Amino acid sequence: MALNFTTRPALVAYVTCGDPDIATTREIVLAAIGAGASVIELGVPFSDPVADGPVIQRASERALRHGTSLPDVIALAKDIRRQSDVGFIIFSYLNPIMRMGLKQFADAAQDAGIDGALVTDLPIEEAGDYVREMRLRDLATVFLAAPTSTDTRLRMIAHASTGFVYAVSRTGVTGARKQMPEDAKNLVRRLRKFTKLPIAVGFGISTSEQFAAVGEFADAPVVGSAIVDTIERNPGKEAQAVAQFVRQLLSVNHQS
């Protein structure tokens with residue numbers, strides 16, 4: 001399973017595929033892997049991204065202008081898989097997966113060497129068919145746990161998750177934040193009662209200090225908006241800029 005977090009804390013890096021185009025996304029992903037990312041979340045652009053902040057919304061809009069679709073993202077993963085055994089997670093809203101078909105999606109993901117998926121707007125109570133198709137193909141089902149989740153719900157999320165559990169550090173939309181809320185630490189502590197899986201913490205991590213701070217209590221910080229922002233601000237040299245940013249994030253880690 002490529003979802004082993006070999007280093008701790010491990011970096012889970014999110015990219016919006018197709019921003020600015022698929023060829024550049026490929027370079028960005030390879031650069032992030034080369035700089036030390038352990039798992040890559042391949043974001044599927046979507047026209048109505050309810051949980052995403054303005055940075056990822058803009059990236060989605062740019063990617064959709066080029067017609068980037070879920071099959072394109074899977075093809076990209078298959079291509080990169082030939083060069084890397086890093087963990088790959090498809091990060092998508094439910095709509096593109098339903099349009100493709102659950103079975104077709106799971107077949108294609110398995111064929112591409114993808115390790116699993118995180119469907120942001122699929123509630124655990126309605127995930128039965130999806131989980132079944134993914135389990136049949138040994139694909140990880142990563143679910144989101146929020147600070148507002150009850151213990152009963154956290155137990156359900158932990159039980160249905162494989163690969164790792166994604167703890168959302170706060171309520172609201174994605175985006176870089178100055179401070180890391182205490183909510184994240186409490187949530188990880190609560191989740192630990194129900195699972196031995198690695199726990200990744202996301203939403204708002206943008207500096208090496210925050211990365212190291214999250215690494216004190218979680219297995220893997222997830223960095224998304226800050227990477228997408230780096231891509232947006234460095235037209236023509238996206239891959240180099242992302243590699244530099246990832247190395248910088250991990251630098252505190254390696255000094256300790």
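Computed from a predicted model, the values in this text were never measured in an experiment.
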Item to check | Set of residues satisfying salt bridge (charged side-chain N to carboxylate O under 4.0 Å, His left out) with respect to K237, sequence neighbours excluded | outcome: none
Checklist entry - Counting only heavy atoms not in H66, do more than 12 sit closer than 6.0 Å to its NE2 atom? => result yes
Item to check | For R192, all residues meeting salt bridge (charged side-chain N to carboxylate O under 4.0 Å, His left out), sequence neighbours excluded | outcome: D219
Next on the checklist: Checking L102 now: which residues fulfil side chain to side chain contact (heavy atoms under 4.5 Å, CB included) with it, not counting sequence neighbours?
Outcome noted: I97, M98, D129, Y130, E133
Next on the checklist: Can you list everything that forms a ring-ring contact (aromatic ring centres under 6.0 Å, His included) with Y14? Sequence neighbours excluded, please.
Outcome noted: F91
Item to check | Any residue meeting salt bridge (charged side-chain N to carboxylate O under 4.0 Å, His left out) with E126, in chain and number order, not counting sequence neighbours | outcome: none
Checklist outcome for this item: With sequence neighbours left out, the residues meeting side chain to side chain contact (heavy atoms under 4.5 Å, CB included) with A220 are F5, A10, V12, A200
Item to check | All pairs passing salt bridge (charged side-chain N to carboxylate O under 4.0 Å, His left out) where residues 87-97 contributes a residue, at least two apart | outcome: none
Next on the checklist: For the backbone of V15 and the side chain of T25, can you confirm whether one donor and one acceptor N or O come within less than 3.5 Å of each other?
Outcome noted: no
Item to check | Where at least one partner belongs to residues 92-104, residue pairs that pass salt bridge (charged side-chain N to carboxylate O under 4.0 Å, His left out), sequence neighbours excluded | outcome: K103-D107
Item to check | Partners passing side chain to side chain contact (heavy atoms under 4.5 Å, CB included) against Q83 (at least two apart in sequence or in another chain) | outcome: R26, L30
Item to check | Heavy atoms from other residues, nucleotides or ligands near NZ of K193 exceed 12 (cutoff 6.0 Å) | outcome: yes
Checklist entry - Quick one: does S149's side chain have a donor or acceptor within less than 3.5 Å of a partner on A146's backbone? => result yes
Next on the checklist: Tell me every residue that passes ring-ring contact (aromatic ring centres under 6.0 Å, His included) with F245, counting only those two or more places apart in sequence or in another chain.
Outcome noted: none
Item to check | By salt bridge (charged side-chain N to carboxylate O under 4.0 Å, His left out) - contacts of R135 (at least two apart) | outcome: none
Next on the checklist: Would F194 and D151 count as a side-chain contact (heavy atoms from CB on, under 4.5 Å) here? Give the steps.
Outcome noted: CA-CA 9 Å; F194 306 117; D151 276 5; 4.0 Å; yes
Item to check | Intermediate values then yes/no, salt bridge (Lys or Arg N to Asp or Glu O under 4.0 Å), D111 and R137 | outcome: CA-CA 10 Å; D111 174 64; R137 293 160 187 83; over 6 Å; no
Checklist entry - For E232, what residues pass the side chain to side chain contact (heavy atoms under 4.5 Å, CB included) criterion, not counting sequence neighbours? => result R58, R62, D229
